[in-house]
There are 2 protein chains.
Amino acid sequence: MSSGSKEAGTRQRIVEAADRLFYRQGYEHTSFSDIADAVQISRGNFYYHFRSKDEILDAVIAARLAATGEMLAGWERAADPAARLRSFIHLLFVNRLSIKAHGCPVGTLCGELAKLDHPARQEANELFTLFRAWLAREFARLGRGREADGLALHLLALSQGVATLAHAFDDEALIRRQVRLIEAWLDEQCRAGAREKQSA
Amino acid sequence: MSSGSKEAGTRQRIVEAADRLFYRQGYEHTSFSDIADAVQISRGNFYYHFRSKDEILDAVIAARLAATGEMLAGWERAADPAARLRSFIHLLFVNRLSIKAHGCPVGTLCGELAKLDHPARQEANELFTLFRAWLAREFARLGRGREADGLALHLLALSQGVATLAHAFDDEALIRRQVRLIEAWLDEQCRAGAREKQSA
DNA sequence: GTCTATACAGCGATAGAC
DNA sequence: GTCTATCGCTGTATAGAC
């Protein structure tokens, strides 16, 4: 029952197609017809699997939460906090082509749902919270316990902003250059953390 | 013919209402009925002033470009490059309530138009470019000529990211805390600029 | 489980009276 | 310059045959 299986059930194929389309076109701009075309089923058949479009959104967010949790768990294998934080920054580089084309999947979804004041808004924010808490814990391990959450938000904000600008300007090189600046900032934070640990 | 006049013509009142609604609800989510209710005119009457909804958007972007240009010109009165750059950061603080509620007007509009691949996308990006060029020039004046554009994008990204997170989390305090971190970063850049000027 | 047919609301846009 | 009336289309959602 792997989530990317070729023989996935109809329900799962709907969720996967909706996930991709919500990312590429936005939630509101994606219609049932769009998803139906992608999954190759009729429009009416949706309502056997979901009661409404909002319910599809809920399923998409749940799937993203699960995938994000697994990714963060995978990063735990890195040797030290600095290497783990670098995994996060590296994500911006790895996904630079899709970010250039469609922005950050988390930021664009949360932004749209916030502007629509959509009921699923809080659920989507959990995606941000997952990263925020994970980053804060790694900054704390780095020896920056007191300012850990502030630094986590700073790094989260930087990656969000870079994604926003790269998307708007449709500029891949912007990501590569800014990633280097962020890495330099992280190195500086590591040195500050080491100093704080020394004096403690 | 001041732009905020109470006795503004219908056309201008449409642009002002559309500007506000596009910011609060998003472009696609705002209908003619919404604007008509705000301006207190009938739906049909729109087409005497504009040929389409896209044309209203063009007018809104043009108005924002003009207003932004005037604001940047006003910041020129500050004593030195460091003070001028601080004006930019301060903007995040001054507008923190509307940013918390609706995000950054530039970032959310450019993000939506980019995702829709809307024809007016490039025009909206000019708003970003206005800030980018202005910031780069001030960083150059600060003595950071070689990296001026990279630093400008870094600061722009930071402010965009803070706006995105504050909007998603509906959190005003987040802005105040992150503004302090950004100001500390700017101070560091000022010192680096001074060193570079010394050695030159 | 999947289909076709359809209801019903809202959208952008047009025509024409005043 | 502003109005009412209406068109054509697309959206979500439902009913019911197979």
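Because the structure is a prediction, the values reported are computed rather than measured. The sequence lines fix the lettering, A, B, ..., with proteins before strands; numbering per chain opens at 1.
- The aromatic rings of B/Y47 and B/F32 sit parallel to each other, their planes meeting at less than 30°, with 60° as the upper class boundary.
- Side-chain nitrogen and oxygen atoms of B/S33 include none within less than 4.0 Å of the OP1 or OP2 phosphate oxygen of C/dG10.
- Heavy atoms from other residues, nucleotides or ligands lying under 6.0 Å from CZ of A/R177 number 12 at most.
- One interatomic measurement links the two molecules: CZ of B/R11 to P of D/dT2, which rounds to 13 Å at whole-angstrom precision.
- Between B/Q40 atom CD and D/dC3 atom C1' the separation is 15 Å, expressed in whole Å.
- In this structure, the CD1 atom of B/I14 is 14 Å from the P atom of C/dG12, given to the nearest Å.
- Considering only side-chain N and O atoms, B/S52 lies nowhere under 4.0 angstrom from the phosphate OP1 or OP2 of C/dG12.
- The distance from the CZ atom of A/F88 to the CE atom of A/M71 is 8.5 Å, given to the nearest 0.5 Å.
- When the P atom of D/dG11 is taken as reference, atom CG of A/D54 falls 16 Å away, rounded to whole Å.
- For D/dC3, the OP1/OP2 oxygens have a side-chain nitrogen or oxygen of B/N45 closer than 4.0 Å.
- Looking at A/Q12 and A/E16, their side chains do bring a donor and an acceptor atom within 3.5 Å of each other.
- Note: NZ (B/K53) to P (C/dG10) measures 15 Å, nearest angstrom.
- Here side-chain hydrogen bond (donor to acceptor under 3.5 Å, both in side chains) pairs that include residues 87-98 of chain A, with residues two or more places apart or in two chains, are A/R96-A/E172.
- Cation-pi check for B/R132 over A/F169 is met; the charged atom lies under 6.0 angstrom from the ring centroid and within 45 degrees of its normal.
- Contacts between residues 21-32 of chain A and DNA chain C, defined by a heavy-atom separation under 4.0 Å, are absent.
- For A/Y47, no side-chain nitrogen or oxygen approaches OP1 or OP2 of D/dT14 to under 4.0 Å.
- An OP1 or OP2 oxygen of C/dG1 is reached within less than 4.0 angstrom by a side-chain nitrogen or oxygen of A/Y48.
- The nearest whole Å value for the distance from the CZ atom in A/F50 to the P atom in D/dT12 is 14 Å.
- Atom CD of B/Q12 and atom P of D/dG1 are 14 Å apart (whole Å).
- Here the CD atom belonging to A/E183 is positioned 14.5 Å from the CD atom belonging to A/E188, to the nearest 0.5 angstrom.
- Taking atom CZ on B/R43 and atom P on D/dG1, their separation rounds to 22 Å, with Å as the unit.
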